[in-house]
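Working notes, structure below.
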Amino acid sequence: MSSNTTTTPTTTPTTPTTTPSPSTVPIPYESAGFGNLLFLAIALMLCGFVVLIGMKQYISLKRTPIYATFFSFLGWFMCFSIAYLVPLDIIVTDHLQCVIENNETLTGECETPVTYLPYGMITEQWRFLYFGSLVLCWIIFPVLQSFSTAGDFRFWERVKRAIKENVILYTFMFIGGLIGVIVILSVKEMDPSSFLSFVMLLANVYGVILITITMGYGLIDVPRNLLRKGSHYAILRNYRVEAVVLKTELEDVKKQLIEHLKLIKTISDRAGQYDPFRIYLDVIISKCPTEYDVLIQEYHAEPLPPGMEAEMLSYKYLVGVHSTLLDLVDRNHSAEVLYERLLGKAFAIEDIIETRERNKQTTLGNNKITREERSIQWSFKSTKSNAKFEYLWHMYIHPWYFIIAGLVCVALSGIILWSEIVLALVSNPEFSPFYRAIIRMEPGIGLQIFCFIPMIYMCVCSYSTLFKLRISNYYRLVPQQSNTFSIMFSANYLCRLAAPLAYNFIQICHVNQDNSIVSPFSKIMGDMNAFGDNALGKRFTLFFPIFMIVVCIISFFNLHKRLAGSCCIRSLRIVTDTSEGAVDHGLKILKQEREERSLNGGVAPVKTRMSIVKEMFTKKKGAGILVTDNNHLDGAGSPHKPIDPSNRYKPTPTKTSINIPQLSRTYTSAAGNVYSSNQDGDSGIKPINSFFSSILGEKGNTSNNNNNNNNNNNNNNNNNNNNNNKNSKSNNNSILTSNYESYTTPRTQDKQGLLSSVLDKMDFSFKDDDDHTFDDIEMGAYGTGRKNKK
């Protein structure tokens, strides 16, 4: 297709010619030299750098787990790599066509481009992209997404749950596909080749439909957003409308989070201190936001229905509670980040408009603008040292910059849409501006730049739609705070968009129109007629660009917003109410927030893209969005915060002082209960009889009264025994001991007294003493120690 080709393009519709079959045309062998490898390394490094900067706009590299960051980077890298692979594919195909048609070597009249890569090297990169995307999209990403949302408490349990969920999903997909195959074969007879073509048609239709929707929406949305940023008043109106939506969303998710925290408090109260599931509850409690502790600690749960308590205290139920907590905490944090970012941007725009209006009034009064007035008086951030440049940027350069960029994007969108119409309705490729430019340019750096600009613009339009998309509470990208699931979901669908997007660009360029060789893309991905030779496949291949025109019309007139508003659909992140009433409501919200923030320290300014890139190299944290704990990784298996959960979401234990007559010393259990004798005359100590009575009830009171009388008699006997045995070598001042072998002698049995016999007969499952330390009380160890020491 270069100017060195022997054939010249005609203006008549092209007809099939007797060109050699692509399989019969040999591809000259090419070895990769040092220059080729150097150019490939530079291209890969630039692509990786762009991907890293793009990911840094949406995730925190320290907060996101390593496995999610690595595979997401790999998925993003594959989808953005087509921006340089497709131009190289066109250059390689054009150059080899020139060589073959002139029957010359690579050093003949067809000059080798500077950025040329061997045919085999480009083929291997397409193979890596195709099979890598296949493995990532259908195996790795689905399992990792399920793993990141699993609420299990152990690593292997989360792995098993992720694999189990995907096996179930693929089983249903297989059953549904098998039913579909049976229905198709029963309706229409197909041989194996035609059936395979039909299956390939369905597979390609899925990818092309994604490109039709995402790129069709982006071709209108990207220029419109750029033109809107050229007017500060339009930006402020949009922020006021968004303030209503984001504030409502933040309030809703906070209510849901508080209700779920109350449920966790209820479960914790019912479980007690020594429940076998207490270890899981402590993990859940450690991941609860601390700012709600005061509110939740005062909450007292209502009585549960019969059988509900047993259902709550089960591993399966706690896993669900854990998973829901992680989801609500993430949604709450995302809503806070988006709302804070909106406030920062809205307040900054208000300051700029106020400065503009003030200077306008000064100019109308035939007064000169002073030097102090040539700076923006920010409400919540300090004025920079280069205040003059900042003033010029926001007042003059910024509006015209976005207006010019918007007009350029309008032109690019128009050229792409025109090429899509030519592909669908006109058989002569001469009407395509891309085809006319490619056949008249030499293969080289110029042609590569020409193909790179529309290719990267198509990528931006398609991918930006996916970045702005919100699927209910399932998927949402938040600047610098996206969770693990969302970033992997985006990488998953970016991989799915890469091959169809490259296929569509090669189609509108008509690369294989007059070529007798197979391009590297077609060799790996299949023939450009991969939709099959049936009538349905050919029609869809030619007419699917018309669907893109329809999507552009829907996006231009905002019909999707009206449909979402009438049907109450919130699956997309779109604002359905843009009326003046919503604008006035947003104005009140911003005014109220400005007054409150002026008294409470203000709002953090929003980080710009340049400041984020600067932080990657300087490693300095500037002012920006909410500061989070970077050591707290995302996901259920992340280490919980180093907060002592012993007193969180637990009722305050009642500490009791218990009187045990003739106790040699005072003992304190781990729960705080004090066991001592009443010799010191402490009137605040609770008698042992009262303690037993509060536990045993009325029946216990009767038996305790009888035991008290016997206890007095036994105390007198014990005193007599003690007086008679003052000089005995086996004297032991401890009443209770943990060495039960010493109870074999009559003397020690007398020393034990009635109290020890009562303690031996009673069941010490006291509800007042949760730690059960009265069973192996410290005084037993104390008595044993004294005995051994003696």
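Since the structure is predicted, the reported quantities are computational estimates derived from the model, not experimental observations. If you read the sequence from its start, that first residue is 1, and numbering goes on from there.
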* Asked: Under the side-chain contact (heavy atoms from CB on, under 4.5 Å) criterion, do Asn492 and Gln145 qualify, and how do the steps go?
  -> CA-CA 10 Å; Asn492 188 355; Gln145 288 173 212; 3.6 Å; yes

* List in chain and number order the residues that pass ring pair (Phe, Tyr, Trp, His ring centres under 6.0 Å) with Phe131, two or more places apart in sequence or in another chain; answer none if no residue qualifies. =>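 Counting only residues at least two positions away or on another chain, Phe131 forms no ring pair (Phe, Tyr, Trp, His ring centres under 6.0 Å).
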
* Phe73: ring pair (Phe, Tyr, Trp, His ring centres under 6.0 Å) partners, not counting sequence neighbours ->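 If we apply the ring pair (Phe, Tyr, Trp, His ring centres under 6.0 Å) test to Phe73, skipping adjacent residues, there are no hits.
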
* To do: Give every residue pair that meets the side-chain hydrogen bond (donor to acceptor under 3.5 Å, both in side chains) criterion with at least one member in residues 449-467, sequence neighbours excluded.
  =>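 Sorted result for residues 449-467: Ser413-Tyr457.
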
* **side-chain contact (heavy atoms from CB on, under 4.5 Å) evaluation trace for Glu430 with Ile439** => CA-CA 10 Å; Glu430 283 289 328; Ile439 63 175; 3.7 Å; yes

Does the side chain of [X] reach to within under 4.5 Å of the side chain of [Y], using non-hydrogen atoms?
{"X": "Leu477", "Y": "Ser490", "answer": "yes"}
{"X": "Val159", "Y": "Trp156", "answer": "yes"}
{"X": "Ile90", "Y": "Phe505", "answer": "yes"}
{"X": "Phe431", "Y": "Asn428", "answer": "yes"}
{"X": "Leu136", "Y": "Met78", "answer": "yes"}
{"X": "Asn225", "Y": "Leu227", "answer": "no"}
{"X": "Leu501", "Y": "Cys459", "answer": "yes"}

Does a side chain donor of either [X] or [Y] reach within less than 3.5 Å of an acceptor in the other side chain?
{"X": "Ser522", "Y": "Ser519", "value": "yes"}
{"X": "Gln480", "Y": "Ser60", "value": "no"}
{"X": "Asn504", "Y": "Glu420", "value": "yes"}

So which atom in [X] and which in [Y] form the shortest heavy-atom distance, rounded to 0.1 Å?
{"X": "Cys552", "Y": "Leu417", "value": "SG-CD2, 3.6 Å"}
{"X": "Gly406", "Y": "Leu226", "value": "CA-CB, 3.7 Å"}
{"X": "Met55", "Y": "Thr69", "value": "CE-O, 3.9 Å"}
{"X": "Asp94", "Y": "Met441", "value": "OD2-O, 4.2 Å"}
{"X": "Ile416", "Y": "Pro454", "value": "CD1-O, 4.4 Å"}
{"X": "Cys137", "Y": "Arg496", "value": "O-NH2, 3.3 Å"}

* Asked: Any donor and acceptor pair, going by atom type alone, linking the side chain of Ser486 with main-chain N or O of Asn483 inside 3.5 Å?
  ->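 Between the backbone of Asn483 and the side chain of Ser486 there is no qualifying donor-acceptor contact (under 3.5 Å).
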
* Donor-acceptor contact below 3.5 Å, side chain Arg476 vs main chain Ser334 ->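 No.
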
With [X], which residues qualify under side chain to side chain contact (heavy atoms under 4.5 Å, CB included), at least two apart?
{"X": "Pro520", "result": "Asp89, Val92, Thr93, Tyr119, Ile122, Thr123, Trp126"}
{"X": "Leu134", "result": "Trp138"}
{"X": "Ser432", "result": "Ser419, Val422, Phe434, Tyr435, His510"}

In Å and rounded to the nearest 0.5 Å, what is the [atom1] to [atom2] distance from [X] to [Y]?
{"X": "Thr149", "Y": "Met488", "atom1": "OG1", "atom2": "CE", "result": "8.5 Å"}
{"X": "Tyr67", "Y": "Ser72", "atom1": "OH", "atom2": "OG", "result": "9.5 Å"}
{"X": "Ile91", "Y": "Ile438", "atom1": "CD1", "atom2": "CD1", "result": "10.0 Å"}
{"X": "Ile546", "Y": "Ile421", "atom1": "CD1", "atom2": "CD1", "result": "6.5 Å"}
{"X": "Tyr116", "Y": "Met121", "atom1": "OH", "atom2": "CE", "result": "10.5 Å"}
{"X": "Cys495", "Y": "Leu74", "atom1": "SG", "atom2": "CG", "result": "7.5 Å"}

Given the side-chain rings of [X] and [Y], with only the six-membered ring counted for Trp, is the space between their centroids under 6.0 Å?
{"X": "Phe147", "Y": "Phe485", "result": "no"}
{"X": "Phe489", "Y": "Tyr493", "result": "yes"}
{"X": "Phe467", "Y": "Trp76", "result": "yes"}

For a quick test of your reading: what N or O donor-acceptor pairs under 3.5 Å do the side chains of residues 37-46 make, sequence neighbours left out?
none

* Output every pair passing salt bridge (Lys or Arg N to Asp or Glu O under 4.0 Å) with a member in residues 120-148, not counting sequence neighbours, ordered by first then second residue. =>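 Output for this query lists Glu124-Arg127.
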
* Using a cut-off of 6.0 Å, state whether more than 12 heavy atoms not belonging to Ile175 lie near its atom CD1. =>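 Yes, the 6.0 Å shell around CD1 holds more than 12 heavy atoms from other groups.
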
* **Residue Tyr170 excluded, over 12 heavy atoms near OH under 6.0 Å** =>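 Result for OH/Tyr170: enclosed.
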
Using the side chain to side chain donor-acceptor pair (under 3.5 Å) criterion, which residues pair with [X]? Sequence neighbours excluded.
{"X": "Asn166", "result": "Ser146"}
{"X": "Thr212", "result": "none"}
{"X": "Tyr84", "result": "Gln125"}

* **Partner residues of Arg161 under the salt bridge (charged side-chain N to carboxylate O under 4.0 Å, His left out) criterion, sequence neighbours left out** =>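 Applying salt bridge (charged side-chain N to carboxylate O under 4.0 Å, His left out) to Arg161 gives Asp152.
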
